[in-house]
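These notes concern the structure reproduced below.
Counting from 1, the numbers follow the sequence of the chain as shown. These numbers come from the heavy atoms of this one structure, side chains and all, not from hydrogens, waters or symmetry mates.
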Amino acid sequence: MRKDHKKELWDYLQNNPGWHTSSELAVVIGVSQRSIKRYAKDLIDTAAIFVSNEGYKANQKKVNSTTKRNSDYESIKRVLINEFTQQNQLNLYDLADQFYLSESTILKLLKEIQLYVKPFDLDLKQNADNWSLLGSEMDKRKLISDILYRESKQTFIGNDTIQDSFSDINVVKISEAIKKLTMLENIYLNTFDFNNILLHIAIATHRIKNGYQPQNSEEDNNENITINNNDDKEIIQEQNFGNKLIDFVENTEDIHFSKSERQSLILIIQFSITRKHRDLEDNVKHSTIVLVDNLIKYVNSMLNIDLRVLNFREQFAIHIQRLLERSSHGYVERNPMTEKIRKSSPIIYECAVLISNRMEEIENITLEDDEIAYIAMHIGNAVSEYINDLHKLYVVVLMPDYQSDNDEFMSRLERLFSQDIVIGRVINSPDMINEVDYPRKVDFVIQVNSEYSLSGIRHANISQFLTQVDYKEVNQLIVSLKHKQEKINFTNNLEKFFPKENFKIINDETSRDELFKVICGELEQKGIVTADFKNRLEARERMSSTAFGSVAIPHSLQMVALKTQGYVVIDPKGIRWDKDNNHVNLMFLLAINESNKQAYRNIFDDLSQIAVDPKNIALLVKAKTYDEFIKQLTELL
C-alpha cells in the first residue's frame with residue numbers, strides 16, 4: 001500500500017512542536033527535500049502548518065484542539081516539581097486533596113515526573129504513600145532552571161498577551177505608535193525593550209481608567225524619580241520620544257497622567273532606548289538599587305538564572321521603587337493578569353514569590369498577589385529575552401568619550417546585526433573589557449574610531465559612519481566566530497550525545513532487527529531507555545523507513561527515553577534495513593528525552609544536513625576509530 005507522506009509530515013510536526021528544516025524532514029519522512037516542499041504546500045494552504053526561513057512548524061491552534069485538556073496537567077506537574085525541590089517529602093493523598101484530583105491521576109503525574117527528572121541525575125522515590133525528590137541542590141536548581149526556560153521559550157509578554165489582559169486599552173494602536181515614533185526618531189528597540197515600554201504604558205493607562213488617583217499632592221513633587229535636565233542631545237531625544245508617546249496615549253485613551261506618572265514612564269522609556277549604562281542613583285534611591293542587586297543575586301543563587309540582562313536591572317529598579325512607594329501609602333496595583341500568570345507560568349510566579357518574600361524580610365512590607373504578578377511579568381520577560389539572546393554573540397562596543405551622536409550610531413549598529421549579536425555595553429577604555437563584570441563572556445569587541453592594541457580577544461575596527469566596508473568587517477567576524485562556535489558546540493554535543501562506548505564498527509553483514517535488539521539491550525542496561533524502546537523503533541520503521549540512501553537515523557515517534565543518547569554503527573558491508581533488501585552503511589540511532597528536545601533538534605538538523613550528501617557518508621564510513629569518526633563528522637559541518 002502506498003504511504004501517505006503528507007500525513008506523515010503532518011503527524012511528525014504535530015508530535016514535535018517548533019521549527020524543522022526541510023533537510024531534517026526529508027530524512028525523517030524518507031523523501032527528497034523537493035517532495036517535502038510539495039507536501040508542505042497543501043498543508044500551508046489549509047493553515048495546518050506555517051513556513052518561514054527557519055523551516056516548517058505545525059499551527060498549534062489546530063493541534064491544541066486535541067491537546068488543550070493536557071495543559072492543566074502540565075501546569076500541575078510543574079508546580080509539583082517545584083514543591084518537591086523545596087520539601088523533604090509529599091503525601092499522595094494530601095496532593096490529591098490539594099489539586100482536587102483522584103489519587104490515580106496524581107500517581108500518573110508522579111510517574112511522569114519520575115521520568116522527567118532522571119536526566120538531571122535526580123530520582124523521585126516512593127515510600128508507601130510518601131514521595132521524595134533525591135539528588136543534589138545544584139541538580140535541583142538546574143531542574144527549576146529548565147522549567148523556567150520552558151515557560152519562557154517564547155516571548156513572555158507581547159501584543160496579544162497585553163491586549164487580552166487589558167481589554168479596555170487599544171494596545172495595537174499604541175504598539176503601532178511606538179513603531180512609528182522609533183522610525184521618525186531613528187531609534188532602535190529590541191523585542192525586550194519594545195515590550196517593556198508597551199507593558200508599562202498599558203499598566204499605567206489601565207490603572208488611571210480604573211480610578212487610580214495620586215495618594216496626595218506630594219506625589220507630583222516626588223523627588224525620588226527624576227529626569228536629569230541638561231543639554232545632552234541623547235537625553236533630549238529620549239525625553240522627546242517619551243513625551244510624544246505619552247501625549248499620543250493621553251489623546252487616544254482620553255486620560256491624563258500625573259506629573260510623577262509621566263516622569264516615571266519617561267524614565268522607563270529612557271532606560272529602554274539608551275545603550276549607555278547610566279548611573280541609576282541619579283534617578284532611583286540608593287537603598288532601592290542595593291535592594292534590587294540583592295534580589296538579582298538571590299534569584300541567581302536559588303534558581304541558577306542570571307537576570308543581569310541588558311536593561312533589566314534599571315527597569316526593575318524603577319518598578320521596585322514605585323512598588324515601595326505604593327506600599328508606603330497602602331495602595332495595591334491591581335493586575336488583570338494575575339490568575340493567568342499563576343496558571344500558565346507557575347514556576348515564574350514562584351520565582352516572583354521568592355523575590356517578594358525576600359523583599360518582605362528586608363523592607364518589612366507585605367505584598368499581595370497582584371503585586372507579585374507584576375514582579376513575575378518582569379521576571380518572565382527578562383528570562384524570555386535571556387533565552388532568545390543565548391544563541392547570539394555577546395559584544396562590547398569600544399567608543400572614545402569624545403564620540404558624538406553615538407545613540408544614532410548604536411541604533412544603526414543594532415538594526416544591522418540584531419539577529420546575530422547582543423551589545424552588552426558601550427565602554428570608553430580598553431581596560432574596561434577586563435575590569436567590568438559582564439553577565440556573559442565577551443565574544444568580540446567593536447572599536448569605533450580607535451585602534452587600541454587588544455590582545456587576546458577578537459575585534460573589528462570601524463568608523464562611526466558604518467559604511468559598506470565597516471559592515472563587511474563586522475559581518476565577516478560574526479560569520480567566522482559563529483562558524484567556529486557551531487563547530488565547537490557540534491563537537492561537544494557529538495561527544496556527549498554519542499559517547500565512545502556507543503560506537504561500533506561491524507565488518508560482517510547484519511540486519512536492522514538484530515542491531516536494534518543488541519543496542520536497545522545495551523541502552524536499557526545503562527538506564528537510557530525502557531524495555532519497550534525496541535518496539536517503539538520498529539513501530540516508527542513500519543510507519544516509514546528512517547533509511548535515506550546509505551544512512552539511517554532510527555528514532556521513536558515520542559521522546560520517551562529516560563536519558564538522551566545516540567548510538568553509531570558503521571558497517572561497510574551493509575546493514576539489511578527492510579524487506580526490500582535495502583542496505584545502509586551508517587546508522588545514527590537516537591534515544592531522546594523530552595527535556596533535551598532542543599539539543600536533539602540541533603544535532604538532528606546538523607546530521608541531516610550532512611547525511612543528504614552521499615559523498616559525506618562515503619567519507620564517514622572509512623573511519624577506523626571513534627576519534628577519527630568524530631573528527632571527520634566535525635569537519636563536514
Classify the side-chain pair Q315/S272 by whether it contains a donor and acceptor separated by less than 3.5 Å.
yes
Side-chain ion pair, E325 and R322, N-O less than 4.0 Å
yes
Non-hydrogen side-chain atoms of F194 and K179 separated by less than 4.5 Å:
yes
Passing option when I423 is tested against L393, V396, V397 for side-chain contact (heavy atoms from CB on, under 4.5 Å)
V397
Full working for ring pair (Phe, Tyr, Trp, His ring centres under 6.0 Å) between Y56 and H20
CA-CA 5 Å; Y56 304 95; H20 302 270; 9.7 Å; no
Is a donor from one side chain sitting under 3.5 angstrom from an acceptor on the other, for N130 and N91?
yes
Residues that H256 engages under side chain to side chain contact (heavy atoms under 4.5 Å, CB included), provided they are two or more places apart
E250
Is the closest basic N to carboxylate O distance between R262 and D247 below 4.0 Å?
yes
Pairs touching residues 114-123 that satisfy salt bridge (charged side-chain N to carboxylate O under 4.0 Å, His left out), sequence neighbours left out
D121-K563, D123-K125
Only counting residues at least two apart or in another chain, list the ones meeting salt bridge (Lys or Arg N to Asp or Glu O under 4.0 Å) with D370.
R334
Tell me whether the guanidinium CZ or amine NZ of R358 lies under 6.0 angstrom from the six-membered ring centre of Y298 and within 45° of its axis.
yes
Is E360 atom CD crowded by more than 12 heavy atoms from other residues, nucleotides or ligands, each under 6.0 Å away?
yes
Heavy-atom distance under 4.5 Å between the side chains of L133 and K140, does that happen here?
yes
For the ring pair F316 and H378, is the centre-to-centre distance below 6.0 Å?
yes
Set of ring pair (Phe, Tyr, Trp, His ring centres under 6.0 Å) partners for Y374, sequence neighbours left out
none
Partner set under ring pair (Phe, Tyr, Trp, His ring centres under 6.0 Å) for Y394, not counting sequence neighbours
none
Minimum side-chain heavy-atom gap V395-D443 below 4.5 Å:
no
Between the side chains of E253 and T205, does any donor sit under 3.5 Å from an acceptor?
no
List the residues meeting side chain to side chain donor-acceptor pair (under 3.5 Å) with K108, not counting sequence neighbours, and say none if there are none.
E112
Within the structure provided, determine whether L354 and V299 are in side-chain contact (heavy-atom separation under 4.5 Å).
no
